[in-house]
Chemist: 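Can you keep this structure in mind? I'll have questions shortly.
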Amino acid sequence: MADGQTNGKTPKLDKLDKGPWPSFVKEIKRAAEKNPMSKDLLGQLELSYEDKIGHWKHGGIVGVLGYGGGVIGRYSDVPEKFPNVAHFHTIRVNMPAGWFYTSDALRTLCDIWEKHGSGLTNMHGSTGDIVFLGTRTEQLEPIFSELTKEGFDLGGSGSDVRTPSACVGPARCEWACYDTLKLCYDLTMEYQDELHRPAFPYKFKFKCSGCPNDCVASVARSDMSIIGTWKDDIQVDQAAVKEYEDKGLNIQRDVCGNCPSKCMDWDGKTLEIDNRLCVRCMHCINAMPKALRPGKERGACLLLGSKAPIVEGAQLSSVLVPFMKMEPPYQELKDLCEKIWDLWCEEGKARERVGEFIQRVGLGNFLEAIEVEPSPYMIAHPRDNPYIFYEDYFEEGDEEDEDEDGDE
Amino acid sequence: MSEELTVEQVADAMFKMVKDAMGQKKLKPMDLQKAMIEYYGADKCDKKMCKAAIKSLIDSERCVYTYFGGSFIEIPHREGAAND
Ligand code: HEM
Ligand code: HEM
Ligand code: SF4
Ligand code: SF4
C-alpha cells in the first residue's frame, strides 16, 4: 500500500497473532473492537513494520501539575494518518507493595483507564509500576484526579527515585528475612518528594528482596538492592533431611555437590554445614525447604550500583553493607541513602547512575565521602572482591612477577 | 545586609535564571541550587531553601519539569513534538 494507511488490514501484524502463545497483537485487536486509539495503534504499528522505522516522537513536557515524573510523553509522527494516536502518552501508576490487589482495585484501575485512555495496560513494567499505555494530554489531569481519589498515585520517571518495588516477602514466602512490603511502603512514603520532584543526576531505584533468591532481581536492576540475609547458622531439621533422602533425593550429589562453597556434608544420618564458609546462596534451602531454613539472626545486605542499559548490558550491584537490621523506622538505611544522594547530586554528571559514578571516582574515594569503612565484605561475587587490595601482601617487585603469570 | 533571605526571593532569582537560559541551556534543579548557594552564600541559602523555592516555582506553575534524557526545569511552552 503506497500510503501505508492499510485500510484496517494488518497483514504483517497478523503473523504475530498466529500460534498458541500470548500475542500483544491479539490483545490490541481485542481492545480495538471498542477503542479507536487501539485501532489506530494497530495501523501505525503495521506502517512501522512496512517502513521499517518507528513512528513515535518523544514528548518531554507532558505531566501533571506539581509532578516531574509518572508520565512519559509520546506523539505520533504521522498524526494525519492515525489521528487517534496523535498523542499516546504512557502513565506509570505506583503499584501496591508486592503487587497485591483486590479484584475491586483492578476493576477500578481498568474503569478509569477505559474511560480516559486506550484501555491497554502493561501489568507490570520492569520498574514494577502499573503501566497505562496511550492517552491524550488533556486526559492527564482527569486521570490523575480519579486515581488519587481511589488512593492510587503516579510512580517515578526521569531523574528521580523510581517507584520502589518489593518481592511478596513475608506475605507469602517463608524465606523472607525481613518485611520487604513494609520497607517498600515506608521508603515510598518517606521519599515522596524525591519520587515526584526529580532532582538527581539520573534515576535511582530501590528494590527489596526478602532473601538471596532475589525474586525482584534487585541485584541487576536497582541502584540500591536490599536483599534479605542471615548472620547465624542455617536451621536444620535432621529428621526432615532424612525424609528427603528416603523419598529419593540424592543429597550428597544434588545438595552438597552443588553447594558453591562445598561446605556441606551428608553421611546418611547427619547433615553437617560449615556455616563460616556458607555464602548464603539459598541452594540447599531451595532444594530441601522442609528441612532447612535461613538462620534466626536476620536482616539485609545492601548492594549498590546496578543498572541495565540496553546497549552496554547489565552491571550488577556490589556489596556496600554486608548486614544491616531492617526494622522500622529504618533510620540507618535512610541516613546512608541520603549521604549517597548528597554526594552523587553534588558531584555526579548528568545521566550518570550511581554505579557509574562510583566507577569514575573509585570506590575508595566514594566510601570515604559517605563515611563508610572499606571492608573485604564489599564483594561483587562471593569470594571476589574487585576493590580491596592487600598492599601488605606484596613486596616491591611483586607486580612484575604477577604480569609474567599471564593472568594480568 | 540585615534582611533575611526568603524562599520567594530565591524562587524569583531561580525563575530569572531559567528565563534567561531559555532556548540556550536547559537547567537542572541542581544547577539552580548550586548557583543560588554560590550567589547568596551558604550561610544564607541552603539546600532546603532551594528545594522549597523549586517547589514554589513548580506549584505556582511558573515553571514545569521537562524530560529530555534527564529531568530539567523550564518555563512552560509548547514543544516541537506536540501534535496539538
Ligand atoms: C524498537 C523500538 C523500541 C525498543 C527497543 C524499546 C525498548 C524498551 C525497553 C527495553 C524498555 C524497558 C522495558 C520495560 O520497562 O518493561 C522500554 C520501556 C518503555 N518503552 Fe520502549 N522500546 C521501543 C519502542 C517504544 C515505543 C514505540 C513506545 C511508545 C509508543 C515505547 C514506550 C516505552 C515506554 C513508555 C516504556 C516504559 C514502560 C514501563 O514503565 O515499564 N517504546 N522500551
Ligand atoms: C520480540 C522481541 C521481544 C520481546 C517479546 C521482548 C519482551 C520483553 C519482556 C516481556 C520484558 C519484560 C518487561 C517487564 O518486565 O515488564 C522485556 C524486558 C527487556 N527487554 Fe525485551 N523483548 C524483545 C526484544 C528485545 C530486544 C531486541 C531488546 C534489546 C535490544 C530487549 C531488551 C530488553 C531489556 C533491556 C529489558 C529490561 C530488562 C529488565 O530490566 O528487566 N528486548 N522484554
Ligand atoms: S526473594 Fe526470597 S523472600 Fe522474596 S519471594 Fe523470593 S524467595 Fe521469597
Ligand atoms: S546456602 Fe548455599 S553456600 Fe550456604 S550451605 Fe547452602 S548451598 Fe552451601
Side-chain angles (χ1 to χ4, degrees), chain A residues 55-90 136-138 156-161 192-194 196-204 338 341-342 344-353, chain B residues 7 10-11 14-15 17-19 21-42 45-84:
Chain A
H55 281 294
W56 300 105
K57 298 182 286 184
H58 289 254
I61 237 176
V62 288
V64 300
L65 177 61
Y67 281 27
V71 179
I72 299 155
R74 287 286 187 284
Y75 295 100
S76 169
D77 74 359
V78 280
E80 61 293 343
K81 289 193 178 117
F82 303 106
N84 294 307
V85 293
H87 302 201
F88 204 73
H89 311 315
T90 295
R136 296 187 56 83
T137 305
E138 65 274 13
S157 68
S159 309
D160 58 10
V161 165
Q192 280 290 296
D193 254 5
E194 286 75 5
H196 297 307
R197 299 174 178 275
F200 292 162
Y202 206 18
K203 60 187 110 174
F204 190 94
E338 282 156 37
W341 290 342
D342 276 349
W344 172 54
C345 286
E346 194 70 38
E347 308 285 344
K349 295 183 187 164
R351 288 172 66 81
E352 185 174 50
R353 294 282 284 271
Chain B
V7 167
V10 178
M14 283 180 173
F15 182 75
M17 238 185 111
V18 173
K19 207 168 156 213
M22 197 177 164
Q24 289 155 53
K25 188 176 188 315
K26 290 184 197 303
L27 297 172
K28 298 190 296 293
M30 192 49 63
D31 299 331
L32 297 176
Q33 178 177 306
K34 281 183 179 164
M36 291 301 121
I37 294 177
E38 194 183 321
Y39 181 75
Y40 289 112
C45 177
D46 61 5
K47 287 178 192 173
K48 233 170 129 181
M49 196 160 202
C50 291
K51 244 178 134 172
I54 289 170
K55 199 167 182 163
S56 156
L57 282 180
I58 299 291
D59 292 354
S60 65
E61 300 183 60
R62 278 185 287 169
C63 289
V64 287
Y65 288 107
T66 63
Y67 180 79
F68 295 93
S71 298
F72 299 94
I73 290 184
E74 296 185 65
I75 310 281
H77 61 277
R78 188 189 176 280
E79 63 179 322
N83 297 325
D84 302 326

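Letters A, B, ... are given to chains in the order of the sequence lines, protein chains preceding strands, and every chain is numbered from 1.
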Chemist: Could you tell me whether B:F68 atom CZ has more than 12 heavy atoms of other residues or ligands within 6.0 Å of it?
Modeler: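 Yes.
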Chemist: Between B:L32, B:V64, B:D59, who has the most heavy-atom pairs with chain A when the cutoff is under 4.5 Å?
Modeler: B:D59
Chemist: Of all of B:E74, B:K47, B:Q33, which one pairs up most often with chain A through heavy atoms under 4.5 Å apart?
Modeler: B:K47
Chemist: Shorter than 4.5 Å, heavy atoms on both sides: which option in A:G66, A:C345, A:A199 has the most such pairs with chain B?
Modeler: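 Looking at each of A:G66, A:C345, A:A199 in turn, A:C345 comes out on top.
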Chemist: For A:R351, is it the side chain, the backbone, both or neither that has a heavy atom under 4.5 Å from a heavy atom of chain B?
Modeler: side chain
Chemist: Is it the case that over 12 heavy atoms from other parts of the model lie below 6.0 angstrom from the CD atom of B:E38?
Modeler: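 Counting other residues, nucleotides and ligands, CD of B:E38 stays at 12 neighbours or fewer.
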Chemist: Is chain B contacted by the side chain of A:D193, its backbone, both, or neither, given a heavy-atom distance below 4.5 Å?
Modeler: side chain
Chemist: Just so I understand: if I count every heavy-atom pair under 4.5 Å between each of A:G73, A:P79, A:P83 and chain B, which residue has the most?
Modeler: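 Highest number of heavy-atom pairs under 4.5 Å: A:P79.
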Chemist: Evaluate the side-chain hydrogen bond (donor to acceptor under 3.5 Å, both in side chains) criterion for residues A:H58 and A:R74: first the C-alpha distance (whole Å), next the side-chain angles of each, then the deciding distance (0.1 Å), finally the verdict.
Modeler: CA-CA 5 Å; A:H58 289 254; A:R74 287 286 187 284; 3.3 Å; yes
Chemist: Would you say B:Y65 and B:I73 make side-chain contact, with heavy atoms under 4.5 Å?
Modeler: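 Yes - at least one pair of side-chain heavy atoms lies under 4.5 Å apart.
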Chemist: Check each atom of A:Y67 against the heavy atoms of chain B and say whether the ones under 4.5 Å are side chain, backbone, both or neither.
Modeler: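 The backbone, not the side chain.
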Chemist: Please say which of A:K57, A:H87, A:R136 ends up in a side-chain hydrogen bond (donor to acceptor under 3.5 Å, both in side chains) with B:N83.
Modeler: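 Exactly one option meets the side-chain hydrogen bond (donor to acceptor under 3.5 Å, both in side chains) with B:N83, and it is A:K57.
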Chemist: Please work out which of the three classes, parallel, tilted or perpendicular, describes the rings of A:F204 and A:W344, given edges at 30° and 60°.
Modeler: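 Rings of A:W344 and A:F204: tilted, 30 to 60°.
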Chemist: With only heavy atoms counted, which part of A:Y202 is less than 4.5 Å from chain B, the side chain, the backbone, both or neither?
Modeler: side chain
Chemist: Distance from A:W56 atom CH2 to A:Y75 atom OH, nearest 0.5 Å?
Modeler: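 Spacing of CH2 (A:W56) from OH (A:Y75) equals 12.0 Å.
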Chemist: Examine whether an atom of A:E346 lies under 4.5 Å from a heavy atom of chain B, and if so say whether it belongs to the side chain, the backbone or both; otherwise answer neither.
Modeler: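 Both parts, heavy atoms under 4.5 Å.
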Chemist: So for B:K34, is it side chain, backbone, both, or neither that comes closer than 4.5 Å to the heavy atoms of chain A?
Modeler: side chain
Chemist: Sort A:I61 into side chain, backbone, both or neither according to what part of it lies under 4.5 angstrom from a heavy atom of chain B.
Modeler: both
Chemist: With distance as the sole criterion, is a donor-acceptor pair present between the side chains of A:H55 and A:S76 under 3.5 Å?
Modeler: no
